[in-house]
Number of protein chains: 2
Amino acid sequence: MDGVEIARSRHDRRSADSVPDYSDYVPLSLETVPPRLAHYDGIAARLGGTPDDWSVREVGDGNLNFVYIVEGPAGSVCVKQALPYVRLVGESWPLPLARSFYEYSALVRQAERSGHVPEILHFDGPQALVVMENLAPHIIWRKALMARERHETAAPIMGRFLAETLFRSSDLSLSAETKKREIALFSGNTALCKITEDLVFTDPYRDHPLNRWTSPELDATVAAIRADAEWKIAIQELKYMFLTRAEALVHGDAHTGSVMVAKAATGEDIRVIDPEFAFYGPMGFDLGAAIANLFLSYYSQDGRGPDPGPYQAWLLTAIARLWDTFASRFAELWRTERTGDAYPPTLYEAQDQTDASEAALARFLVRLEADTLGFAGAKMARRILGLAGVADLETIEPATVRAGCERRALALARRLVVDRERIGSVACAIVEAKGILGEVK
Amino acid sequence: MDGVEIARSRHDRRSADSVPDYSDYVPLSLETVPPRLAHYDGIAARLGGTPDDWSVREVGDGNLNFVYIVEGPAGSVCVKQALPYVRLVGESWPLPLARSFYEYSALVRQAERSGHVPEILHFDGPQALVVMENLAPHIIWRKALMARERHETAAPIMGRFLAETLFRSSDLSLSAETKKREIALFSGNTALCKITEDLVFTDPYRDHPLNRWTSPELDATVAAIRADAEWKIAIQELKYMFLTRAEALVHGDAHTGSVMVAKAATGEDIRVIDPEFAFYGPMGFDLGAAIANLFLSYYSQDGRGPDPGPYQAWLLTAIARLWDTFASRFAELWRTERTGDAYPPTLYEAQDQTDASEAALARFLVRLEADTLGFAGAKMARRILGLAGVADLETIEPATVRAGCERRALALARRLVVDRERIGSVACAIVEAKGILGEVK
């Protein structure tokens with residue numbers, strides 16, 4: 001990642017390893033973006049011409065931030081600035097500017113550990129602002145899935161990205177001292193974690209003004225879930241894992257809306273964006289988020305046009321490939337890069353017991369695969385019962401068809417959350433998913 | 001805890017919530033203790049007279065620090081000062097002074113959450129020095145156990161202390177934001193954690209110059225353990241839990257040498273001391289440490305004089321009482337103080353589903369009890385195979401008798417580490433322990 005190398009030499013990492021002072025923060029507008037960018041080294045050269053030659057448009061379709069695309073005679077950049085509140089809701093829901101610092105800190109680390117993230121061109125900490133390459137002609141993976149497009153490398157690259165970013169930020173790779181310093185660095189990102197704690201693990205299972213579901217057809221299902229003690233116990237076990245298991249620097253929001261995909265003459269290009277929810281948490285949370293959103297797409301296809309079967313089959317293959325690529329890359333790193341304090345090779349390989357190391361890896365992955373299924377179920381249900389829906393399902397008409405898709409997704413979600421250890425593997429979850437497609441009306 | 005209240009009002013907690021600057025640190029000597037104490041508010045009044053009237057003796061029998069008892073005409077105090085190295089080894093093994101800050105920070109929190117810790121009279125951060133009440137006529141619990149003394153309240157009070165300190169520092173009690181701040185505060189205590197990571201979970205299972213066992217009689221046993229893949233996989237699962245599960249502020253060194261006991265006319269007095277290993281880790285680690293050292297005492301009794309049976313039976317009862325008191329106090333707190341972000345009552349009790357809350361508690365304790373057994377096994381084995389032995393076993397003569405006791409302890413340790421989930425409960429572990437007493441020679 002050349003761009004990242006440049007960005008790193010330009011902005012000494014050490015100076016960026018604490019939350020900036022925001023007292024001079026000013027939110028940008030269409031008019032103030034060009035003069036601001038003109039201050040940053042290298043940006044004007046990339047865009048070409050002078051600030052007067054640059055066109056700016058606001059494209060943020062996320063819920064939290066402003067995102068500008070700036071185009072000049074020679075090139076374009078993307079500018080992302082955090083606001084001191086949730087964009088979707090307004091000033092009544094404040095949210096710390098520091099999320100920009102955590103996003104930048106995560107991007108730098110992900111770039112080093114795996115790549116497949118946008119190139120960072122400039123980080124202006126006190127302005128809560130990151131200037132990145134403008135990813136074009138990329139589109140959001142979720143939208144590609146809604147249009148039944150097939151990006152064959154997206155799932156395996158996501159699996160590989162997660163293997164590399166999770167392994168290399170964990171105790172398998174880092175010394176305990178380094179990892180604890182990293183935990184401390186990200187431990188201030190509590191406001192973003194709190195959104196997940198509430199919206200994923202809590203609010204959908206109680207009356208809450210922020211909950212919404214897309215039609216009264218689901219009212220009975222929602223009532224049944226609120227009465228479902230097993231589900232509510234299991235969902236809190238998962239929340240407790242989210243709160244306590246500081247295994248790796250997780251992306252924190254690794255759904256299909258955080259992946260950008262493009263087809264080009266030279267092949268596909270896949271990028272993982274928006275890690276502002278990053279923190280030290282359970283590895284299975286990222287894997288679960290990715291798989292959950294592929295399962296949601298799977299169930300949505302029944303409402304997205306005729307003959308969904310072939311695309312649904314492709315989606316299940318993508319889910320299997322995501323996990324399989326993850327597991328095989330993770331195993332490769334286990335065998336070749338185990339430099340951390342956990343499972344030191346001095347106990348296994350160095351004592352001529354490679355088989356013991358392989359057995360430890362197998363047990364590790366069994367546990368992680370069950371965690372992954374549980375988090376996948378949690379992430380599926382919140383998209384149907386909680387505040388933030390997904391376009392895959394929400395755009396389905398009529399409501400009766402949509403509700404059927406949602407009920408099937410919820411049926412899988414429950415099994416994954418409650419029976420994650422019995423189901424045990426992504427392969428078995430895929431079998432469960434297919435069964436539900438025929439079973440649940 | 002009146003004394004703690006006083007200490008807290010005297011030393012504003014906020015100002016003590018970061019690691020001190022040690023540039024003016026000077027290690028004390030017998031001669032410099034009195035003039036130093038004379039500077040501290042309230043200490044002179046407690047001792048009475050003038051510094052010339054105070055007698056000082058050094059009593060540190062631990063491995064790390066200097067501990068002075070200072071007596072004056074009116075009273076006495078205990079002064080604990082950290083050294084920039086490991087006392088036992090010398091300057092060749094440096095160890096951060098900041099452990100004194102972590103010990104103080106833990107003591108203040110334990111006092112608030114449970115009591116049963118020494119009263120803090122003064123904390124001099126930059127001198128890495130804590131002035132505490134002088135616990136007299138207390139003795140170390142381990143020594144009482146070696147002398148077959150029975151302090152009936154020690155095990156239940158330890159169980160209660162652990163329930164209160166662990167629950168009230170966890171996500172069951174604290175908001176995620178507060179807990180993450182606490183994690184960050186203690187995340188700098190890496191050097192002490194590293195000692196545990198190495199000495200408990202790693203070095204005993206490989207050749208290491210610091211390992212020692214007390215007689216060649218154990219050589220074959222040690223060789224068998226090094227070849228035992230199942231044991232080495234399981235011990236690293238436990239180490240991974242130690243490294244990643246930030247459940248609660250654990251004492252970190254909760255063995256029977258960190259408990260002081262006294263009999264007085266008004267009843268017994270039990271105190272938990274020396275939490276300098278404190279950090280956010282798995283709850284089962286403290287419970288395991290306490291139970292492990294009671295099991296070590298159990299096996300040591302065969303070498304500690306005739307007719308060990310009645311005292312061994314008392315020890316097993318103590319182990320059961322420790323866990324039972326822990327579990328029942330923890331359950332009480334679960335029912336009455338669940339104010340944290342985990343398992344919020346709004347999902348259970350507030351929806352008329354108290355039975356779901358009870359089921360969640362039961363599942364929580366099942367998992368925690370298995371963790372406890374695993375950590376107990378790890379802590380037993382390290383005391384026989386690693387750097388730091390325990391007097392209970394080391395003082396047994398002749399070596400053949402001692403080796404038998406140690407082999408039996410190691411047999412239980414292995415079962416607890418490898419089969420912690422199958423054994424599942426402290427009650428079943430006690431049955432295993434008794435079986436081994438007859439089986440293993």
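These numbers come from the heavy atoms of this one structure, side chains and all, not from hydrogens, waters or symmetry mates. Residue numbers start from 1 in every chain, and the chains themselves are labelled A, B, ... in the order their sequence lines are given, proteins ahead of strands.
For chain B, the option among A:Pro282, A:Ala248, A:Ala227, A:Gly340 with the highest count of heavy-atom pairs below 4.5 Å is A:Ala227. Ranked by non-hydrogen atom pairs under 4.5 Å with chain A, the options B:Arg181, B:Lys194, B:Arg226 are led by B:Arg226. Between chain B and the options A:Ala191, A:Ala229, A:Ala350, A:Gly188, the largest number of non-hydrogen pairs under 4.5 Å is found for A:Ala229. Of the listed residues B:Ala356, B:Ala246, B:Ser187, the one with more heavy-atom pairs under 4.5 angstrom with chain A than any other is B:Ala246. When each of B:Asp341, B:Thr346, B:Asp352, B:Asn189 is scored by its heavy-atom pairs under 4.5 Å with chain A, the top score falls to B:Asp341.
You'll find the side chain of B:Thr196 reaches within 4.5 Å of the side chain of B:Phe285, heavy atoms only. Between A:Phe326 and A:Leu287, some side-chain heavy-atom pair lies under the 4.5 Å cut-off. Contact annotation: the side chain of B:Pro20 approaches that of B:Tyr22 to within less than 4.5 Å [non-hydrogen atoms, C-beta and beyond]. Residues B:Arg335 and B:Leu361 are in side-chain contact: their nearest non-hydrogen atoms beyond the backbone lie under 4.5 Å apart. A:Trp93 has its side chain out of reach of A:Tyr85: every pair of non-hydrogen atoms, C-beta onward, lies at least 4.5 Å apart. At a threshold of 4.5 Å between non-hydrogen side-chain atoms, the residues A:Asp286 and A:Thr372 do not count as touching. Counting heavy atoms from C-beta outward, B:Leu249 and B:Phe186 have side chains that approach closer than 4.5 Å. Residues B:Leu210 and B:Asp198 form no side-chain contact, since every pair of their non-hydrogen atoms from C-beta on lies 4.5 Å or further apart.
A donor-acceptor distance shorter than 3.5 angstrom exists from the side chain of B:Asp228 to the backbone of B:Trp231, with no hydrogens or angles considered. The backbone N or O of B:Met283 lies less than 3.5 Å from a partner atom in the side chain of B:Glu247, making a donor-acceptor pair. Side chain of A:Asn211 to backbone of A:Gly386: no donor-acceptor contact under 3.5 angstrom is found. Using a distance-only test at 3.5 Å, with no hydrogens or angles considered, a donor-acceptor pair links the side chain of B:Arg420 to the main chain of B:Val417. Between the side chain of A:Arg99 and the main chain of A:Leu64, a donor-acceptor pair closer than 3.5 Å is present.
Remark: A:Phe277 CZ to A:Glu103 CD distance equals 10.5 Å, nearest 0.5 Å. With rounding to the nearest 0.5 angstrom, the NZ atom of B:Lys179 is 14.0 Å from the CG atom of B:Leu185. The line from CG of B:Leu416 to CG of B:Leu373 is 5.5 Å long, rounded to the nearest 0.5 Å.
By a heavy-atom distance cut of under 4.5 Å, A:Arg363, A:Phe364, A:Arg367 are the residues of residues 363-370 of chain A near chain B, going up by number. The contact list for residues 169-177 of chain B toward chain A, using heavy atoms and a distance under 4.5 Å, reads B:Asp171, B:Ala176, B:Glu177 by residue number. Using a 4.5 Å heavy-atom cut-off against chain B, the contacting residues of residues 232-239 of chain A are A:Lys232, A:Ile233, A:Ile235, A:Gln236, A:Glu237, A:Lys239. Inspection of non-hydrogen atoms places B:Phe201, B:Thr202, B:Tyr205, B:Arg206 of residues 199-206 of chain B under 4.5 Å from chain A.
Looking at B:Ile183, the atoms closer than 4.5 Å to chain A (heavy atoms on both sides) all sit in the side chain, from C-beta outward. Heavy atoms closer than 4.5 Å to chain A are found in the side chain of B:Gln353, but not in its backbone.
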| Trace of the salt bridge (charged side-chain N to carboxylate O under 4.0 Å, His left out) decision for B:Glu197 with A:Lys180 | CA-CA 13 Å; B:Glu197 290 152 20; A:Lys180 286 206 166 95; 3.6 Å; yes
| request: Mind running ring pair (Phe, Tyr, Trp, His ring centres under 6.0 Å) on A:Phe279 and A:Phe242 for me, showing each step along the way? | output: CA-CA 10 Å; A:Phe279 80 111; A:Phe242 184 84; 4.8 Å; yes
| Stepwise salt bridge (charged side-chain N to carboxylate O under 4.0 Å, His left out) check, A:Arg338 with A:Glu349 | CA-CA 11 Å; A:Arg338 231 161 67 246; A:Glu349 288 86 345; 3.0 Å; yes
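In this model, a donor atom of one side chain and an acceptor atom of the other lie less than 3.5 Å apart for B:Ser357 and B:Trp334.
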